[in-house]
Structures are given as C-alpha cells and as structure tokens.
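Data first, discussion second: the structure below is written as structure tokens.
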Amino acid sequence: MTSDFQRFRDDLTRHLDWFAERGRKVRFWWRDDDAIEPTPALDHMLELANRHQVDIALAVIPKTATQALAERLADEPHALVLQHGWQHRNFQRKDLGEKAAELGTRRDPADLMEQLSDGKARLTDLFGDRFIAAMVPPWNRIAPEISRRLPDIGLMGLSSFTWFNFPRAHQVQSHVDIIKWKKDVRFIGWESARLRFDLQITRRRNTDGEPLGLLTHHLVHDDGCFAFLEEFLAIAAHHEGADWPGVKGLFAEHAGGPPEKAAG
C-alpha cells in the first residue's frame with residue numbers, strides 16, 4: 001500500500017513534471033511568521049534556505065524584534081524581512097464572535113498608522129536593505145480601510161493568506177499553511193499537504209502564474225513540520241518545473257517593476 005508520504009512525493013513530482021514538459025514553471029516563495037529573536041528553530045529554517053538556495057521571508061514583529069535577530073541575519077544570503085503588524089495583539093471582540101486581528105475594524109486608523117509607521121522605521125533601522133516595505137497582517141486579517149492606508153506610510157507591499165483580502169498591486173499571497181492550529185498544534189499531515197498543493201498547483205495550470213506561497217511558523221514547528229520541509233524542498237527547490245524567484249523581486253514585480261533573481 002502506498003503511504004501518504006510517498007503519495008505526496010509522487011503527486012508533487014508529477015505536477016512539476018507536467019509543467020517542465022511544457023516548458024513552464026510553478027513559481028514558489030516561502031514566508032515564515034512571528035520572528036523576534038534567534039532560536040534553534042530559526043537556525044534550522046535558515047539552514048534549509050541556504051542548503052536549497054531559496055529565499056525565506058521572515059515576518060518580524062517590530063515592537064519585540066531584537067538587535068540579536070538583526071545580528072543573526074546580517075550575513076544570511078537568503079533571509080529577508082517583512083513587517084508583521086506592530087505587536088501581534090488582538091483588538092477584536094472574541095466575545096462577539098469576531099476573529100482575531102490586530103489590523104481589524106476596531107482600531108482607529110490614524111492611531112494605527114502611527115504605530116505601523118514606527119514599526120516600519122524600527123525594522124528599517126534594525127535590518128536595513130534586508131527589510132522589504134510590505135505588511136503581513138497578524139492572523140492574516142486586515143480591514144479594507146487599513147489596507148488602503150498602508151501606501152500612505154510607505155508600506156506598499158501586502159501579504160496575507162490565500163483568498164483573504166482583495167487583490168491589489170504589491171500583494172504577494174501565501175497559500176499553503178503546514179500547521180494544524182486547532183487543538184494540538186502540529187503538522188497538518190502528508191495527505192492534507194498533498195491535497196492543498198494539488199489544489200494550488202492545478203489552479204496554476206490555467207492561470208497567470210501567481211507565486212505559490214508556502215507559510216510556516218518556526219516557533220511552533222514539531223518534527224513533522226521540519227520533516228515536511230526537508231522532503232518538500234528536496235523536490236520543489238531543484239525540479240526543472242519549479243522556480244523560486246527572489247522575494248524582493250516578487251514584490252517589485254507585482255508593483256510593475258522587473259523580476260529579480262534569488263539573493264545570494
């Protein structure tokens with residue numbers, strides 16, 4: 001009997017073979033959320049990015065980001081930084097059934113823009129050119145009014161999850177979250193991963209090549225998450241039917257600028 005693990009590997013390879021046979025490529029990118037300081041889990045992620053020569057975009061929380069993280073990333077050829085809200089705090093009313101959001105409908109837009117502007121300045125000071133002026137909303141939720149105001153403070157980019165939020169220029173989405181969040185936080189499993197990638201890659205057979213975003217959260221990874229990344233990157237980062245454009249280039253491309261190759 002074929003295992004879920006082998007079925008995932010076979011299906012991913014078969015999908016990428018289809019693109020390669022037609023001279024096409026699935027474009028991938030990788031976003032990892034909630035970084036504030038160096039950890040062994042972050043070291044593992046950076047080692048994977050370097051070994052497979054793919055960029056990793058770290059969504060960093062400005063309020064609690066440390067100088068130690070800036071120093072850890074200083075010589076990393078494939079690590080980029082995005083802005084993850086200001087403090088990753090929920091302001092919605094859970095007692096009313098509202099889903100968690102820091103950049104939601106219960107914030108005063110002017111006050112929030114001031115916070116986010118301070119966060120942008122802090123990440124610029126800490127990370128310099130490694131920082132991309134793009135917002136990753138905590139919990140992947142952002143009110144339309146807040147989204148519209150981001151360019152006013154120089155945050156031209158936006159990245160949330162799958163079909164959440166209206167698409168716009170400078171928006172580069174994530175699509176496959178490898179974490180199961182309800183009850184025990186853990187890897188989603190090989191079969192769930194297979195089905196999610198099957199959906200997203202199949203869509204790209206007939207669309208304009210939207211980058212397929214892998215979403216990870218290194219601080220809560222179990223062994224299954226790291227095992228998945230090892231196997232996924234061993235295939236997807238080296239197959240002729242796949243491409244991993246540089247993260248800076250992806251945001252520039254969606255702004256109408258030229259694409260850019262991976263860092264390093």
Report the distance from atom [atom1] of [X] to atom [atom2] of [Y], rounding to the nearest 0.5 Å.
{"X": "His221", "Y": "Leu229", "atom1": "NE2", "atom2": "CG", "answer": "6.0 Å"}
{"X": "Arg149", "Y": "Ser117", "atom1": "CZ", "atom2": "OG", "answer": "13.0 Å"}
{"X": "Leu212", "Y": "Asp243", "atom1": "CG", "atom2": "CG", "answer": "12.5 Å"}
{"X": "Asp198", "Y": "His15", "atom1": "CG", "atom2": "NE2", "answer": "4.0 Å"}
{"X": "Leu155", "Y": "His170", "atom1": "CG", "atom2": "NE2", "answer": "11.5 Å"}
{"X": "Glu145", "Y": "Asp108", "atom1": "CD", "atom2": "CG", "answer": "10.0 Å"}

Can you find a side-chain donor-acceptor pair between [X] and [Y] that sits under 3.5 Å?
{"X": "Asp10", "Y": "Gln6", "answer": "yes"}
{"X": "His238", "Y": "Gln53", "answer": "no"}
{"X": "Gln115", "Y": "Arg107", "answer": "yes"}
{"X": "Asn90", "Y": "Glu102", "answer": "no"}
{"X": "Ser160", "Y": "Gln173", "answer": "yes"}
{"X": "Asp34", "Y": "His218", "answer": "no"}
{"X": "His217", "Y": "Asp32", "answer": "no"}
{"X": "Asp55", "Y": "His78", "answer": "yes"}
{"X": "Arg204", "Y": "Gln200", "answer": "yes"}
{"X": "Ser159", "Y": "Arg31", "answer": "yes"}

Is the Phe226-His44 ring centre distance short of 6.0 angstrom?
-> yes
Can you say whether the rings of Phe232 and Phe228 are parallel (under 30°), tilted (30 to 60°) or perpendicular (over 60°)?
-> parallel
Quick one: does [X]'s side chain get under 4.5 Å of [Y]'s, heavy atoms only?
{"X": "Glu240", "Y": "Asp17", "answer": "no"}
{"X": "Leu123", "Y": "Val60", "answer": "yes"}
{"X": "Val176", "Y": "Leu199", "answer": "no"}
{"X": "Asp4", "Y": "Ser192", "answer": "no"}
{"X": "Phe19", "Y": "Lys25", "answer": "no"}

List the steps, then state whether side chain to side chain contact (heavy atoms under 4.5 Å, CB included) holds for Trp30 with Leu215.
-> CA-CA 6 Å; Trp30 181 7; Leu215 178 58; over 6 Å; no
Hey, is the main chain of [Y] close enough, under 3.5 Å, to the side chain of [X] for a donor-acceptor pair?
{"X": "Thr207", "Y": "Arg203", "value": "yes"}
{"X": "His52", "Y": "Ala237", "value": "no"}
{"X": "Arg205", "Y": "Ile201", "value": "no"}
{"X": "Lys63", "Y": "Gly85", "value": "no"}
{"X": "Gln87", "Y": "Arg89", "value": "no"}
{"X": "Arg22", "Y": "Trp18", "value": "yes"}

Do Glu98 and Lys94 sit within salt-bridge range, that is, some charged N less than 4.0 Å from a carboxylate O?
-> no
Any salt bridge between Arg72 and Glu37, counting N to O under 4.0 Å?
-> no
How close do [X] and [Y] get, counting heavy atoms only, and between which atoms?
{"X": "Ala100", "Y": "Trp139", "result": "O-CB, 3.5 Å"}
{"X": "Ile146", "Y": "Gly104", "result": "CG1-O, 4.3 Å"}
{"X": "Ala193", "Y": "Phe187", "result": "CB-CZ, 4.5 Å"}
{"X": "Leu126", "Y": "Ala65", "result": "CD1-CB, 3.9 Å"}
{"X": "Trp29", "Y": "Leu250", "result": "CB-CD1, 3.5 Å"}
{"X": "Ala133", "Y": "Gly154", "result": "CB-O, 3.4 Å"}

Within 45 degrees of the axis of the six-membered ring of Trp244 and under 6.0 Å from its centre: does Arg27 put its NZ or CZ there?
-> no
Exceeds 12 heavy-atom contacts within 6.0 angstrom, atom CG of Asp223 = no
Atom CG of Asp111 with >12 non-hydrogen neighbours under 6.0 angstrom = yes
Go through the steps for Asp177 and Asn140 under the test side chain to side chain contact (heavy atoms under 4.5 Å, CB included), then give the verdict.
-> CA-CA 11 Å; Asp177 185 348; Asn140 287 298; 5.9 Å; no
Quick check on the hydrophobic clustering: are [X] and [Y] connected, directly or via other members, by side-chain heavy-atom contacts under 4.5 Å?
{"X": "Leu12", "Y": "Leu195", "result": "no"}
{"X": "Ile178", "Y": "Leu48", "result": "yes"}
{"X": "Val172", "Y": "Met156", "result": "no"}
{"X": "Ile61", "Y": "Ile142", "result": "no"}

Name of the residue among Ile36, Ile56, Leu58 meeting side-chain contact (heavy atoms from CB on, under 4.5 Å) with Leu42 | Leu58
Which residue, Val220, Leu219, Leu214, forms the side-chain contact (heavy atoms from CB on, under 4.5 Å) with Thr216?
-> Leu214
Going through the distances and angles, do Arg141 and Gln92 end up as a side chain to side chain contact (heavy atoms under 4.5 Å, CB included)?
-> CA-CA 11 Å; Arg141 300 187 183 103; Gln92 298 300 109; over 6 Å; no
Between Leu82 and Phe131, does a side chain to side chain contact (heavy atoms under 4.5 Å, CB included) hold up when you go through it step by step?
-> CA-CA 6 Å; Leu82 309 176; Phe131 171 57; 5.7 Å; no
Residues at least two apart in sequence or cross-chain that pass salt bridge (charged side-chain N to carboxylate O under 4.0 Å, His left out) with Glu230, listed by chain then number, are Arg51
May I have all residue pairs that pass salt bridge (Lys or Arg N to Asp or Glu O under 4.0 Å) and include part of residues 178-194, sequence neighbours excluded?
-> Arg7-Glu191, Asp11-Arg194, Glu191-Arg194
Side chain to side chain donor-acceptor pair (under 3.5 Å) evaluation trace for Asp33 with His88 = CA-CA 11 Å; Asp33 289 1; His88 210 301; over 6 Å; no
